[in-house]
Amino acid sequence: MTPPTPNSDPEEAADGQSDFVREKVITDNQQGTFAGRVQTRFPPEPNGHLHIGHAKAIALDFAIADEFGGICNLRFDDTNPLTEDHTYAESIVADIKWLGFEPREVHYASDYFDKLYEWAQHLISNGLAYVDDQDGETISAQRGGFGKTGVESPYRDRSIDENLDLFTRMRAGEFPDGTRVLRAKIDMQAENMQLRDPVMYRIRHEHHYRQGDRWPIFPTYDWAHGQGDAIEGVTHSLCTLEFSDHRALYDWFLDNLPLENDQPEQAEFARLELTYTVTSKRRLRGLVDEGVVTGWDDPRMPTLSALRRRGYPPEAIREFCSHIGVARTNSRHAIELLESFVRTRLNAIAQRRMAVLRPVKLVITNWPTDENGDPVVEYREAVNNPEDEADGTRRVPFSGTLYIEQDDFRLEPPPKYYRLAPGREVRLRAGYFVTCTGAVTDDDGNVVEVRCTYDPETAGGNAPDGRKVKATIHWVSATHAVDGEVALYDRLFSSEVPGSQTGDPRDELNPDSLELLTDCKFEPILADTEPGQVVQFERLGYFAHDPREPMLFHRTVGLRDEWANIQKRRQKR
RNA sequence: UCGGGGAUGGUGUAAUUGGCAACACAUCUGGUUCUGGUCCAGACAUUGGGGGUUCAAGUCCUCCUCCCCGAACCA
């Protein structure tokens, strides 16, 4: 397939596929709806941290603007003083930047409170909004239900002057919380429930994190979102499917306001869902509050801060988002797909290192000693990244006593097991061929030491006589090894759709989502890893250096593992 | 119950708008390889169901089924 957009960055894998959003923008451009202008916005509420689902929306909003020469702003939809906070706003800004996007401008819905107030008065003056003195329960009951029409409020036909007066006094703080609301006067018979005189303002004597105590009344989402879009000059207001029914209301408000800009259009797309993952802010907060995870950035969380800490490259997330595309079909993507993008990216850029996570000693019985009787130490040249020659090589100390992975030795090898076993010859990566001559076991039968001889002719990894080995295993020199810890992560939930069994995802937590290995042996150069750097532990996977703990690595994602598949297959039989 | 939206392999997204169902992931076969990684080659769907229009239907018409969203002074 040839990418029709030659200016697209190949790294982003923009395959130029069209979708309903892009088609709409193209149509609008052709018809001159916005005079060829394209402007989008990403509108988070600062009441939680961004997660992988937001990444899809962010990538879409920015991509649409970028592809059509438009702009994309960040706007905080901060209309609810009860839940919002600066710290969330700051983390959202940081996460978007990390993802690789830069908003042209940063706006706040709360900056529009004055304009909104003025526009509300405009609607009242036109007989399109009224103050309702009823409580929430009553209003809700009067709204009716699916297939049941609503009942009009007894306050619906107040005079414009009375409404104006009441609204002014609401704003002045004369009434207690919950005693009055401003409602749009639309249609209590509407089949679309959103149109049954929705609430525009509610009274809340609360401190707003940006507005302080200036406002005792706060606009609702519906009475702020489209207005913010219009004020900023947004053309295409992209949101998720659950807002589809709100579009009629979005349009109604805008239709009835004296707008200076073109009237923006809302379009909805399916949110991103992942298998084995929850992406509800409420549920994520629950996991944090209940101590199920260590925080919003616990590497098992789907938040961007967690993925960052875990070592996910932002490019991989962007490529994933671009690859899954955008549609109106509800879908849940396999987490494996995301992981495959992470592997692809990391394979290209990650430096290779050797680390032994579950060590067992390997002694080379014919390894030479020096004049003092000490084992000779050799420095082996190891390739840093076979995918990128420019990354060069490094020297790894090698001697007669090494650590290898417990998994890489079996006293009684099963079929198709290629690694070390008595009588078997394997290659030590970047080192020598070794042949197992036996093993020492403890009283319980556990292997405590593997004994081998090495072939000095195989230095560098190949035998002059051309004989082959079936396996190459990694190792760390015992006397040079640096001790450290590795956190192995698995999915937080054990079911593809967490909560599908009982309705509560917490019932389906994976008890093995974290395994901390505390006796790991690292090759010495790993002590110099930069905080946050991601390396490949050869044959194991990609691991991110913890930003704070110098000898702690988090498993980003494992390598594809054919041997694991073989074992899985055997188990099934 | 009413309104809105949706249905294409195991999974997700495509299909020049009526013209040989493509791409990726997963899985399986084989090859290459100093990572059981990477890479390369191959295998894997008659498009939710019925009826219709047409030389030709995933695309159009019709009936049906199933799934998602909506009755917050949340967003």
Side-chain angles (χ1 to χ4, degrees), chain A residues 1 13 15 17-19 43-45 47-48 77-80 82-84 132 135-137 139-141 143-150 177-183 190-196 198-204 217-218 220-222 224-225 239-248 268 270 275 281-282 323-334 336-341 343-344 347-348 352 354 382-383 386-387 416-419 427-431 433 458 460-462 469-474 536-541 558-566 569:
Chain A
M1 219 175 255
D15 38 52
Q17 69 191 28
S18 83
D19 52 63
E45 185 187 13
N47 69 343
D77 249 344
D78 53 355
T79 56
N80 186 352
L82 260 22
T83 57
E84 296 155 5
D132 195 330
D135 61 33
E137 221 170 291
I139 291 176
S140 177
R143 220 193 289 278
F146 303 147
K148 277 200 309 249
T149 57
D177 288 7
T179 53
R180 283 182 170 83
V181 290
L182 183 71
R183 288 228 259 170
E191 280 170 333
N192 182 346
M193 300 286 295
Q194 304 302 327
L195 264 21
R196 320 250 259 232
V199 170
M200 295 168 62
Y201 276 98
R202 65 285 212 192
I203 299 173
R204 275 193 187 160
I217 56 171
F218 291 89
T220 57
Y221 164 84
D222 289 299
H225 198 92
C239 63
T240 44
L241 247 28
E242 64 268 30
F243 291 100
S244 298
D245 289 345
H246 293 245
R247 190 173 58 242
E268 313 88 22
T275 54
K281 261 193 228 176
R282 200 185 103 239
H323 182 267
I324 59 175
V326 47
R328 295 179 63 86
T329 315
N330 289 309
S331 57
R332 184 175 296 269
H333 291 261
E336 291 87 351
L337 182 62
L338 207 210
E339 289 173 342
S340 105
F341 277 90
R343 282 196 197 96
T344 300
N347 176 56
R352 312 290 129 120
M354 287 197 285
V383 173
E387 304 294 317
K416 293 210 173 166
Y417 184 85
Y418 298 153
R419 284 107 98 145
R427 173 168 37 232
L428 295 175
R429 171 121 246 223
F433 284 15
T458 56
N462 286 302
V469 287
K470 293 207 87 168
T472 299
I473 65 174
H474 60 277
Q536 183 195 98
F537 291 168
E538 294 227 31
R539 305 208 304 131
L540 298 176
L559 253 27
R560 275 193 60 221
D561 189 346
E562 181 58 23
W563 173 235
N565 280 350
I566 291 170
R569 246 176 283 152

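First the proteins, then the strands, lettered A, B, ... as listed; each starts at 1.
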Exercise. Shortest non-hydrogen contact from A:Thr275 to A:Glu336?
Worked result: OG1-OE1, 4.2 Å
Problem set entry | Nearest listed nucleotide, side chain of A:Asn347, among B:U38, B:A14, B:G36 | B:U38
Exercise. What is the nucleic acid contact for A:Arg247, judged by heavy atoms within less than 4.0 Å: base, sugar-phosphate only, or nothing?
Worked result: nothing
Exercise. Looking only at atom P, what distance separates B:A71 and B:C28, rounded to whole Å?
Worked result: 45 Å
Problem set entry | Whole angstrom value for the distance that separates C1' of B:U35 from NZ of A:Lys470 | 16 Å
Seminar exercise, completed: Protein-proximity profile, nucleotides 67-75 of chain B, B/S/- by nucleotide at the 4.0 Å heavy-atom cutoff, equals -SSBBSBSB
Exercise. Considering every strand shown, what is the Watson-Crick or G-U wobble mate of B:U1 when both distances are under 3.5 Å?
Worked result: none
Exercise. Out of B:U35, B:U13, B:G12, which has the shortest distance to the side chain of A:Thr329?
Worked result: B:U13
Exercise. For B:C23, which nucleotide in any strand shown is its Watson-Crick or wobble partner with both distances under 3.5 Å?
Worked result: B:G12
Exercise. A:Leu540 CG to B:U38 C1': how many Å, rounded?
Worked result: 16 Å
For this session: Sticking with atom C1', work out how far B:C67 lies from B:G30, rounded to a whole angstrom.
Result: 41 Å
Exercise. To the nearest angstrom, how far is A:Asn565 atom CG from B:C25 atom P?
Worked result: 15 Å
For this session: Indicate yes or no for a side-chain donor-acceptor contact from A:Arg180 to the backbone of A:Ile203 under 3.5 Å, with no hydrogens or angles considered.
Result: no
Problem set entry | Short side-chain N/O contact from A:Arg328 to OP1 or OP2 of B:G5, under 4.0 Å | no
Exercise. Mind checking who B:A7 pairs with, Watson-Crick or G-U wobble, both distances under 3.5 Å?
Worked result: B:U65
Exercise. Counting side-chain heavy atoms from C-beta on, which of B:U13, B:G36, B:U27 comes nearest to A:Arg560?
Worked result: B:U27
Problem set entry | Spacing of the C1' atoms in B:U29 and B:G36 (rounded, Å) | 16 Å
For this session: Could you give the distance separating B:G37 and B:G70 at their P atoms, to the nearest angstrom?
Result: 45 Å
For this session: Can you label the angle between the A:Trp563 ring and the A:Tyr417 ring as parallel, tilted or perpendicular, going by 30° and 60°?
Result: perpendicular
Exercise. Between B:U17 and B:U33, how far is it from one P atom to the other, in whole Å?
Worked result: 47 Å
Seminar exercise, completed: From CD1 of A:Ile324 across to C1' of B:A14 the rounded distance in Å is 14 Å
Exercise. Is it true that a side-chain atom of A:Asp132 and a backbone atom of A:Val181 form a donor plus acceptor pair closer than 3.5 Å?
Worked result: no
Problem set entry | Rounded C1' spacing from B:C64 to B:G10 in Å | 27 Å
Exercise. To the nearest angstrom, how far is A:Glu339 atom CD from B:U38 atom C1'?
Worked result: 18 Å
Exercise. Okay, side chain of A:Arg539, backbone of A:Thr472: is any donor-acceptor separation there less than 3.5 Å?
Worked result: yes
For this session: Look through every strand shown and name the nucleotide pairing with B:U46 as Watson-Crick or G-U wobble, where both distances are under 3.5 Å.
Result: none
Exercise. In terms of side-chain geometry, is the basic nitrogen of A:Arg569 or A:Glu562 positioned less than 4.0 Å from the acidic oxygen of its partner?
Worked result: yes
Exercise. Once you round it to whole Å, what is the distance between C1' of B:U33 and CD of A:Glu562?
Worked result: 15 Å
For this session: Measure the distance from NE2 on A:His333 to P on B:G12 and round it to the nearest whole Å.
Result: 8 Å
Problem set entry | Whole-Å distance separating the CD atom of A:Glu268 from the C1' atom of B:G6 | 13 Å
Problem set entry | A:Arg343 vs B:G37: side-chain N/O to OP1/OP2 distance below 4.0 Å | no
Problem set entry | A:Arg196 (side chain) donor-acceptor with A:Gly145 (main chain) under 3.5 angstrom | yes
Problem set entry | Atom P, compared across B:C2 and B:G9: separation rounded to whole Å | 30 Å
For this session: Mind listing the closest non-hydrogen atom pair of A:Ala471 and A:Tyr418 along with its distance?
Result: CB-O, 3.3 Å
For this session: For A:Glu336 and for A:Asn462, locate the closest nucleotide of RNA chain B by heavy-atom distance; then report the residue assigned to the nucleotide nearer the 5' terminus.
Result: A:Glu336
For this session: Check for a donor-acceptor pair, side chain of A:Arg343 on one end and backbone N or O of A:Gly541 on the other, with a separation under 3.5 Å.
Result: no
Seminar exercise, completed: Regarding B:U17, purine or pyrimidine glycosidic angle vs 90° from 0 gives syn
Problem set entry | Whole-angstrom distance between B:C60 and B:U16, as gauged at atom P | 11 Å
Exercise. Counting just side-chain N and O atoms, does A:Thr275 come under 4.0 Å of either OP1 or OP2 of B:U11?
Worked result: no
For this session: Report which part of the nucleic acid A:Ile473 touches: base, sugar-phosphate, or nothing (heavy-atom distance under 4.0 Å, all strands).
Result: nothing
For this session: Could you check whether A:Phe537 gets within reach of a base, just the sugar-phosphate, or nothing at all, counting any heavy atom under 4.0 Å?
Result: nothing
Exercise. Angle class for the A:His225/A:Tyr221 ring planes (parallel below 30°, perpendicular above 60°, tilted otherwise)?
Worked result: tilted
For this session: Go through B:U35, B:G4, B:C28 for me and flag the one nearest to the A:Ser244 side chain.
Result: B:G4
